[in-house]
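Below, chain A is the first sequence line, B the second, and so on; all start at residue 1.
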Amino acid sequence: MGLLSQQYDDGNIVLTSVEGVLNWARLCSLWQMSFGLACCAIEMMAASASHNDIMRFGVLPRPSPRQCDVMIVAGTVTLKMATRVKRLYEQMAEPRYVVSMGSCSNCGGPYWEHGYHVLKGVDRVVPVDVYIPGCPPRPEALLEGWMRLQEKVRDFTIVKEK
Amino acid sequence: MTENLDVLRQGIASGRLKTDELVLNMGPQHPSTHGVLRLELVLDGEIVVKIIPSMGYLHRCFEKHAEAMTYPQVVPYTDRMDYLAAMNNNHGYALAVERLLGIEVPERVEYIRVIMAELQRIASHLVAIGTFGMDVGAFTPFLYCFRDREYILDIFERTCGARLLYNYIWVGGLSHDVHDGFERDVADFIRKFRPTVTEVNNLLNYNKIFIERTAHVGVLPADVAVSYGCSGPMLRGSGVDWDLRRDDPYSIYDRFDWNVIVGDGAAGTLGDCWDRHMVRVGEMEESCRIIEQALESFPAAGDIAEAIPKRIRPPKGEIYTRVENPRGELGYYLISDGSANPFRLKVRGPSFVNLSVIDEISRGHLIADLVAILGSIDIVLGEVDR
Amino acid sequence: MGKTHEEICTYLSELFPDAGLEYDDAVPCINVPPALIREIALQVRDDAELAFDTLMCLSGVDFGDGTLGVVYHLDSMSLRQKLTLKVTIPVAEACVPTVERVWRIAEWHEREAYDLVGIVFQGHGDLRRILLPEDWEGHPLRKDYQVQEFYNGMKVPY
Amino acid sequence: MESLLQSFFGDNILTLLLYCSLPLVFLLLYALLAILGEVKVSAWMQDRLGPMRTGPYGIIQPIADVLKLLQKEDITPANADKFLFNLAPYLSFMSAYAALAVIPFSSQYVGADLNLGLFYLLAISSLNVAAIMMAGWASNNKYSLYGSMRAVAQIVSYEVPAAMVLVIVVMFIGSLNLQDIIIAQSGPFWNWIVFGGPKQDVMLASGHTLDASWTNLIFFPLFLGTFVMYYISGLAETNRTPFDIPEAESELVSGYHTEYSGMKFAMFFMSEYANMFIVSAVTAILFFGGWNSPFGVYLGDAFDAPWLVAVEQFGWLVLKGLFFVFMMIWIRWTLPRLRVDQLMYMCWKVLIPFSFGVALLVGFLVVIL
């Protein structure tokens with residue numbers, strides 16, 4: 001998909017500054033897919049409501065996966081839902097990120113042992129960038145996870161490692 | 001306004017308007033399905049011909065867990081069913097086990113339970129009202145509702161340390177005593193909260209467009225509601241005067257003076273979306289009244305843990321206990337075989353039952369109405385799928 | 001308040017003398033033979049003295065001793081009385097007539113009992129799995145249920 | 001303006017290109033401002049802060065958004081009609097851009113001073129419908145199709161009352177030229193059409209003299225109503241709440257642009273905001289004096305600097321336009337959404353009969369006065 005998928009051998013000053021600006025643009029404008037699964041979705045809504053206001057970070061919830069950068073997997077992923085989650089991820093446009101919010105989507109959470117219909121971790125179907133622990137994580141934890149994701153985007157480079 | 005639709009319907013019925021049906025798949029990821037419900041809509045233009053709901057996208061095997069866990073270990077799982085009304089879920093489960101064990105809980109515990117359950121009811125209704133507003137396209141009331149809900153969560157948090165899922169009401173007692181200044185916090189909240197209802201009324205509930213969108217839409221007649229087993233605001237919106245807190249009293253609800261809010265069809269037909277919505281708005285005020293009365297006679301001191309049994313092994317037997325959740329009748333059917341684990345715990349979730357009526361009341365409406373109807377049913381998928 | 005279970009049982013036994021209705025004091029409930037559940041359901045709904053207009057809950061149970069059960073919790077809003085009916089069937093022929101047309105909500109409850117416990121409801125119009133995917137193996141709330149290893153290529157146990 | 005550019009670059013194609021691209025520069029800057037305005041105004045209305053981390057108080061948030069959208073993968077769905085799918089966003093943006101050609105930004109600058117300016121405006125802004133239809137159809141997605149069908153029905157319907165309202169004003173002024181309409185309102189704010197139009201005789205650019213007197217005040221209630229009708233039709237034509245039915249988030253995901261990603265989505269986004277400005281600017285021109293200063297005097301006249309007058313006029317028009325854009329944002333975050341049949345009812349049974357009635361009345365009054 002153009003510049004971001006390429007690798008350059010030498011990181012000269014022009015390349016690194018362009019890269020810096022592009023990374024800055026991406027991290028400042030991470031649009032979130034408004035997509036909630038379970039209990040964590042309520043905390044995700046609380047994070048975008050007035051008290052916590054995740055939109056301070058430049059987040060804009062978009063309903064269509066095509067226009068989103070980040071998928072927050074907020075809640076328990078069941079086996080019936082897992083294929084849909086994967087499909088939604090595939091519908092998103094690159095560069096895309098996945099935040100796994102809450103114990104359930106990290107590893108199955110309280111349903112890890114007897115939950116015959118629960119996927120034990122969403123990372124079994126889609127690659128995850130940031131894991132947020134908690135059952136459910138507080139909105140503050142989501143904000144922290146968001147900043148970690150921004151760090152990750154900031155450190156992205158198209159210069160080949162030596 | 002519906003006469004335009006009638007003209008359309010007549011045209012289709014008489015065959016003058018040739019149409020073809022279209023199947024639209026709504027969900028599991030869709031902004032207005034309140035989670036992961038999937039509706040297969042058979043549409044004729046924009047008119048809904050048939051709805052095939054399919055759920056289970058959040059089936060978290062609650063009943064299997066209940067069989068594998070000991071009685072106290074089940075409590076956190078009840079939280080996660082109807083995650084907007086965790087306190088009420090806890091309450092119902094605790095009642096079921098207590099009745100099977102035959103234990104009485106101290107007075108103070110009962111008071112705290114009732115106050116917590118009613119606060120939770122307000123919090124849950126706030127979410128319902130806010131998201132319903134969002135479904136009909138008004139985004140701002142949603143944020144006002146969430147803002148006020150945070151004050152309730154703050155009280156819960158000070159008491160038990162959790163914001164959403166509390167594991168607070170235990171079999172025989174509570175996990176923690178209330179924090180210092182609990183009564184003051186709650187009274188403060190009630191005082192702060194009442195103006196919000198007026199605000200939401202002005203902004204949303206009596207808005208002309210909102211009434212146009214919700215009145216005469218999704219009319220649920222009382223006999224259909226009863227046959228489908230609907231409960232809670234869904235049933236009361238249809239004009240049936242039925243509230244388990246009064247009609248099948250549990251805990252100490254019989255000590256308070258409050259009204260059961262019933263829909264009256266003021267803006268449209270009895271049992272339409274607006275009625276269901278306004279029942280919720282009215283119930284928040286009634287909950288405030290219950291809380292105020294409970295605070296007046298609140299026992300100042302007492303051990304909240306004195307009735308918690310050391311070992312919970314109910315005798316062989318079975319019981320069906322029901323409580324009034326914000327969404328309706330939450331029933332626990334508990335079978336004990338005398339061991340430390342429930343033998344079978346079946347949950348009758350109000351959302352599950354209320355949702356079953358969607359096909360019946362949405363036929364012939366437009367897609368936009370379907371979204372409003374779904375919002376007015378106020379489902380929580382955690383409880384539909386369990 | 002309304003009638004007790006014992007009174008209802010006596011009342012129903014007069015109406016259905018050959019049915020062999022049993023009153024179970026321990027629960028309390030009335031044990032109904034599977035074949036008759038539909039007639040009795042209609043009777044208790046339409047009888048003016050009983051008027052059980054609501055099906056509160058319908059549960060499928062695996063009793064673990066080779067029998068399955070269906071438990072009907074009924075409620076009469078007008079007469080303020082409750083009733084529990086119980087049907088017991090052997091696992092081998094887990095088949096009960098449907099009450100779908102008596103109380104509309106029974107449709108979904110029965111689908112759930114079919115899905116999780118594996119009880120087939122005769123005459124049910126749309127007996128599909130409701131919670132689990134269509135291609136799921138087994139009925140999870142059976143006491144002898146073994147979780148399948150893989151579903152759709154995804155590992156099921158942790 | 002043209003002569004100024006000519007003095008720098010000579011009379012050649014470069015001058016013309018520069019002259020034409022001025023509105024584009026304005027459009028891009030305005031879109032950034034409007035997007036920021038939308039998020040900030042909504043945040044303030046909702047007891048929030050809005051973007052805070054991108055630059056001071058988040059003011060460069062839209063720049064980050066655009067830069068990010070530029071980097072996004074450009075998805076064309078496998079089963080889409082690729083040609084139409086790719087053409088639609090450009091067409092949509094083009095129609096918005098082309099409409100700016102006849103908007104007089106000041107007495108000195110108007111892209112094309114057409115005698116049929118209003119007519120052109122109506123025609124070119126309808127092109128957007130074709131783009132939306134294309135997008136919805138070519139996406140091969142049921143939600144997109146529903147969205148575009150709704151949009152087309154809505155926009156085409158509301159063209160009728162909008163055009164009717166324009167006819168009313170044209171009848172009153174006697175010219176389709178937008179500059180003429182603005183000149184007719186020169187002087188202090190009570191000469192604006194919404195307040196009954198000019199109160200003394202005005203010489204229009206076309207050389208025709210408009211006879212006017214204080215009796216025009218009787219038009220005040222009529223034109224106030226006309227203004228409200230135009231603004232409502234404008235809201236509907238730009239698909240803004242309460243008429244955002246084509247992209248109703250809770251019903252149709254995002255309507256006709258559900259399948260669009262990256263810059264193509266940004267094009268739709270920008271053309272929506274551009275259309276908002278065009279409707280607002282036309283409202284300002286038709287009813288609120290266009291680039292006329294509300295006080296009837298200019299700072300530039302005092303200093304004898306004609307260029308300052310032009311800048312002031314530009315400022316007044318943009319200010320008035322932005323005010324109406326702000327009103328749109330305000331309405332969006334306050335009201336719920338109408339339903340399709342209610343929308344049509346509003347158009348065919350309320351706005352159209354009323355606009356015809358007002359047109360008759362105004363025509364009658366113009367003749368007898």
Using heavy-atom distances under 4.5 Å, tell me whether [X] contacts chain C through its side chain, its backbone, both, or neither.
X	result
B/Leu100	neither
B/Leu355	both
B/Ser54	neither

In terms of heavy-atom contacts, does CD of C/Gln146 have more than 12 from other residues, nucleotides or ligands at under 6.0 Å? no

In chain order, what residues pass the salt bridge (charged side-chain N to carboxylate O under 4.0 Å, His left out) check against B/Lys316, with sequence neighbours excluded? none

Can you give me the closest heavy-atom contact between B/Val384 and C/Leu131, atom names plus distance? O-CD2, 4.0 Å

Which heavy atom in C/Pro140 sits nearest to a heavy atom in B/Lys64, and how many Å separate them? O-NZ, 2.8 Å

Is any side-chain heavy atom of [X] closer than 4.5 Å to a side-chain heavy atom of [Y]?
X	Y	result
B/Phe352	C/Ile130	yes
B/Glu67	C/Leu141	yes
C/Lys82	B/Asp248	yes

In this structure, CG of C/Leu132 is separated from SG of B/Cys61 (nearest 0.5 Å) by 7.5 Å

In Å and rounded to the nearest 0.5 Å, what is the OG to CE distance from B/Ser231 to C/Met56? 11.0 Å

So B/Arg344 and C/Phe63, side-chain contact (heavy atoms from CB on, under 4.5 Å) or not? Walk me through it. CA-CA 9 Å; B/Arg344 172 86 168 93; C/Phe63 290 112; over 6 Å; no

Does any heavy atom of chain B fall under 4.5 Å from the side chain of C/Arg128, the backbone, both, or neither of them? side chain

With only heavy atoms counted, which part of C/Arg101 is less than 4.5 Å from chain B, the side chain, the backbone, both or neither? neither

Residues of residues 320-333 of chain B near chain C, each having a heavy atom less than 4.5 Å away: B/Tyr320, B/Arg322, B/Glu329, B/Tyr333

Give the interface residues of residues 234-242 of chain B toward chain C, defined by a heavy-atom separation under 4.5 Å. B/Leu235, B/Val240, B/Trp242

Residue-level interface, residues 103-117 of chain C with chain B, non-hydrogen cut-off under 4.5 Å: C/Trp103, C/Arg104, C/Ile105, C/Trp108, C/His109, C/Glu112, C/Leu116, C/Val117

